[in-house]
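Okay, structure first, notes after.
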Amino acid sequence: TLAFVGAIAAALVPDLIALAAGVRFAPVRLPLDRVAYWKHNHIIWCGAGEEPQALAALVDALRARLDAAGIFYDRKLFVSHVTLVRDASGLAPAPVWIPLVWEAREFALVVSTRVEGRVIYQVLQRFPAQTG
């Protein structure tokens with residue numbers, strides 16, 4: 001999640017799409033080279049030991065546009081990660097992990113909905129990286 005805006009009126013979705021469409025970024029190579037456990041929300045995740053500069057620039061650009069538009073978002077420190085397990089009870093002392101690199105060539109505006117205790121994610125719009 002590059003910027004979590006939370007619950008918003010449906011009428012603002014076109015504004016968010018226009019705002020995000022103006023963000024220019026290059027493809028991001030994200031090394032997924034560590035596994036960790038967040039005790040507060042019981043999630044096992046993998047992520048980068050060091051955030052790539054291109055990813056930090058993308059987050060900064062998107063958040064700057066949200067600030068300029070006066071759109072609220074969660075200002076929590078950005079930590080790139082991929083959720084592996086929800087409702088985990090902990091992390092094994094020495095998890096086996098083979099590092100890999102994820103190349104992100106787009107980001108997306110996603111809405112989440114809770115249905116019968118599960119969270120369903122729907123992509124509203126994708127925003128491609130600029131190449132070449």
Side-chain angles (χ1 to χ4, degrees):
T1 304
L2 304 175
F4 179 75
V5 297
I8 62 164
L12 287 179
V13 170
D15 294 336
L16 283 176
I17 290 172
L19 180 145
V23 175
R24 301 286 173 247
F25 70 102
V28 174
R29 292 181 53 83
L30 180 64
L32 301 173
D33 55 12
R34 69 182 184 138
V35 176
Y37 174 68
W38 282 326
K39 197 179 230 180
H40 71 283
N41 57 6
H42 307 283
I43 288 177
I44 297 174
W45 58 280
C46 66
E50 185 175 326
E51 297 287 354
Q53 181 56 39
L55 181 56
L58 170 57
V59 171
D60 290 347
L62 181 59
R63 290 180 174 197
R65 292 181 65 85
L66 289 167
D67 285 335
I71 297 175
F72 169 83
Y73 62 93
D74 186 343
R75 295 180 180 276
K76 203 179 307 178
L77 178 66
F78 175 76
V79 177
S80 64
H81 69 281
V82 175
T83 299
L84 300 174
V85 180
R86 293 185 184 279
D87 300 322
S89 60
L91 182 63
V96 175
W97 183 253
I98 299 171
L100 57 107
V101 176
W102 179 10
E103 185 168 88
R105 295 178 176 269
E106 64 184 12
F107 70 93
L109 177 60
V110 178
V111 63
S112 62
T113 309
R114 188 168 293 278
V115 177
E116 298 177 7
R118 293 180 37 220
V119 178
I120 306 297
Y121 297 97
Q122 177 186 1
V123 174
L124 300 180
Q125 183 75 39
R126 296 178 188 277
F127 306 96
Q130 286 68 48
T131 57

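From a predicted model like this one, the values you see are computed outputs, not experimental measurements.
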Pairs of donor and acceptor atoms involving the side chains of residues 52-68, under 3.5 Å and at least two apart or interchain, shall be tabulated with distances.
| residue | atom | partner | partner atom | Å |
| --- | --- | --- | --- | --- |
| Arg63 | NE | Leu2 | O | 3.0 |
| Arg63 | NH1 | Lys76 | O | 3.3 |
| Arg63 | NH2 | Leu2 | O | 3.1 |
| Arg63 | NH2 | Lys76 | O | 3.4 |
| Arg65 | NE | Leu19 | O | 2.8 |
| Arg65 | NH2 | Leu19 | O | 3.4 |
| Asp67 | OD1 | Tyr73 | OH | 3.1 |
| Asp67 | OD1 | Arg75 | NH1 | 3.3 |
| Asp67 | OD1 | Arg75 | NH2 | 2.7 |
| Asp67 | OD2 | Tyr73 | OH | 3.3 |

Using distance only, find each side-chain donor-acceptor pair of residues 110-118 under 3.5 Å and give its atom names and separation, not counting sequence neighbours.
| residue | atom | partner | partner atom | Å |
| --- | --- | --- | --- | --- |
| Arg114 | NH1 | Gly117 | O | 3.4 |

Shortest non-hydrogen separation from [X] to [Y] and the atoms involved:
{"X": "Leu30", "Y": "Ser80", "result": "CD1-OG, 3.5 Å"}
{"X": "Val5", "Y": "Ile8", "result": "O-CG2, 4.0 Å"}
{"X": "Pro14", "Y": "Ala10", "result": "CD-O, 3.7 Å"}

If the condition is side chain to side chain contact (heavy atoms under 4.5 Å, CB included), which residues does Glu50 pass it with, not counting sequence neighbours?
none
Examine [X] and [Y] and state if one hydrophobic cluster contains both, with Ile, Leu, Val, Met, Phe, Trp and Tyr joined whenever side-chain heavy atoms are less than 4.5 Å apart.
{"X": "Phe4", "Y": "Val119", "result": "no"}
{"X": "Val82", "Y": "Val123", "result": "no"}
{"X": "Leu124", "Y": "Val23", "result": "yes"}
{"X": "Phe78", "Y": "Trp102", "result": "yes"}

Pairs satisfying salt bridge (Lys or Arg N to Asp or Glu O under 4.0 Å), at least one member in residues 99-110, at least two apart
Arg29-Glu103, Glu103-Arg105, Glu106-Arg126
Going by side-chain hydrogen bond (donor to acceptor under 3.5 Å, both in side chains), name the pairs with one or both residues in residues 31-49, residues two or more places apart or in two chains.
Tyr37-His42
Residues that Phe107 engages under ring pair (Phe, Tyr, Trp, His ring centres under 6.0 Å), provided they are two or more places apart
Phe25, Phe127
State the CG-OG1 distance between Asp74 and Thr1, to the nearest 0.5 angstrom.
9.5 Å
From Ile71 atom CD1 to Leu12 atom CG, the distance as rounded to the nearest 0.5 Å:
6.5 Å
